[in-house]
There are 2 protein chains.
Amino acid sequence: MRDAVALDRLEVWKQKGQDLSKCPVRHVLDHVAAKWTTLILMELSKGPARFNAIGRALPDISKRMLTQSLRDLERDGLIAREVFPTKPPSVEYRLTEMGLSLLGPLGALIDWAELHASPIAEARRAYAAG
Amino acid sequence: MRDAVALDRLEVWKQKGQDLSKCPVRHVLDHVAAKWTTLILMELSKGPARFNAIGRALPDISKRMLTQSLRDLERDGLIAREVFPTKPPSVEYRLTEMGLSLLGPLGALIDWAELHASPIAEARRAYAAG
DNA sequence: CGGAATCCCAGCCGATACTG
DNA sequence: CAGTATCGGCTGGGATTCCG
């Protein structure tokens, strides 16, 4: 059929009888999944930005979710948070090297999605119709 | 900083003031997000399989979620469902060409996750430590 | 400015039981 | 074999309010 070498990594984990929720691969997938983290990584790919700047760039995000998403990404070492003791204090977020390296694979996925957007929409219509 | 050509596709959508939930890119991301669809695509990358065969390969999935996940993938044209009028009836699922083409980008993401699994785990420990 | 705390609901998802 | 039906818990995430 096709060599699915990469996919077998998940397979191996599954066959070890491990808890799927602790699989490290799932963890990354969950970031991609999370409603906002992809957008945030995208925004930061343009350069470091401050809390409210990111918020303004993503109009529909609440402060609550922005905070939480930033924490999640920081926790996993994908972005770094730096506080400047100005008055009032400002906080800057930027991609780490690891976060930067994620943009490649993530971009590939987004490219695929863009390329297949209309076939998918078509498939949905066809499915709904019959 | 870095060319983020791919990522700008999402950006464009956002700036059009569109509802993010209807962005076609999000549809794909949601599949990746969903707890089981990635595993199912993985399993089917090895070749066509029947309902219960997939279920046995993914021991922790319930029939309910298996059905639902298969429907989701079928709805978007990533897998195809074929019923054989045997006795008792059997149903076979296989990747479509579009589904097959998703394995590449998805595999790249999984490779990245596998490669950075331990740095991420390390970052989490460091973060938890304070 | 950059958050934290609280309330609350929609939906995801698991368990269980039933069907053609 | 390949589903469908129903119930219910858990949590993601929106709205709002308060704080250093």
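Bear in mind that the values here come from a model prediction, so they are computed numbers and not experimental data. In what follows, every chain begins at residue 1, and chains take the letters A, B, ... in the order their sequences are listed.
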Between C/dG3 (C1') and A/Leu70 (CG): distance, integer Å: 11 Å
Range on DNA chain D touched by chain B, heavy atoms, distance below 4.0 Å: D/dC1 to D/dT6
OP1 or OP2 of C/dG3 under 4.0 Å from side-chain N/O of A/Arg81: yes
For atom CG of B/Leu66 and atom P of C/dC12, their distance in whole Å: 17 Å
Closest-nucleotide ordering on DNA chain C, the 5'-leading residue of A/Arg50 and B/Met65: A/Arg50
From CA spacing to verdict: side chain to side chain contact (heavy atoms under 4.5 Å, CB included), B/Met65, B/Gln68: CA-CA 5 Å; B/Met65 286 317 296; B/Gln68 186 178 309; 4.0 Å; yes
Heavy-atom side-chain contact between A/Thr37 and A/Leu78 under 4.5 Å: no
Atom-pair distance (CD1 on A/Ile61; P on C/dG3), nearest Å: 12 Å
Distance in angstrom units between B/Phe51 CZ and C/dT19 P, rounded: 18 Å
Heavy-atom side-chain contact between A/Asp111 and B/Pro105 under 4.5 Å: no
Pair A/His31 + A/His27: ring centers closer than 6.0 Å: yes
Criterion side chain to side chain contact (heavy atoms under 4.5 Å, CB included) on A/Lys63 and A/Leu66, from CA distance to verdict: CA-CA 5 Å; A/Lys63 284 202 286 189; A/Leu66 180 53; 5.5 Å; no
side-chain hydrogen bond (donor to acceptor under 3.5 Å, both in side chains) evaluation trace for B/Arg81 with B/Tyr93: CA-CA 5 Å; B/Arg81 177 177 183 271; B/Tyr93 295 90; 3.3 Å; yes
Touch class at under 4.0 angstrom, heavy-atom based, for B/Tyr93 against every strand present: sugar-phosphate
Presence of B/Lys63 side-chain N/O under 4.0 Å of C/dA15 phosphate oxygens OP1/OP2: no
Between C/dG2 (P) and A/Arg71 (CZ): distance, integer Å: 12 Å
Atom-to-atom span, CZ of A/Arg64 to P of C/dA4 - whole angstrom: 11 Å
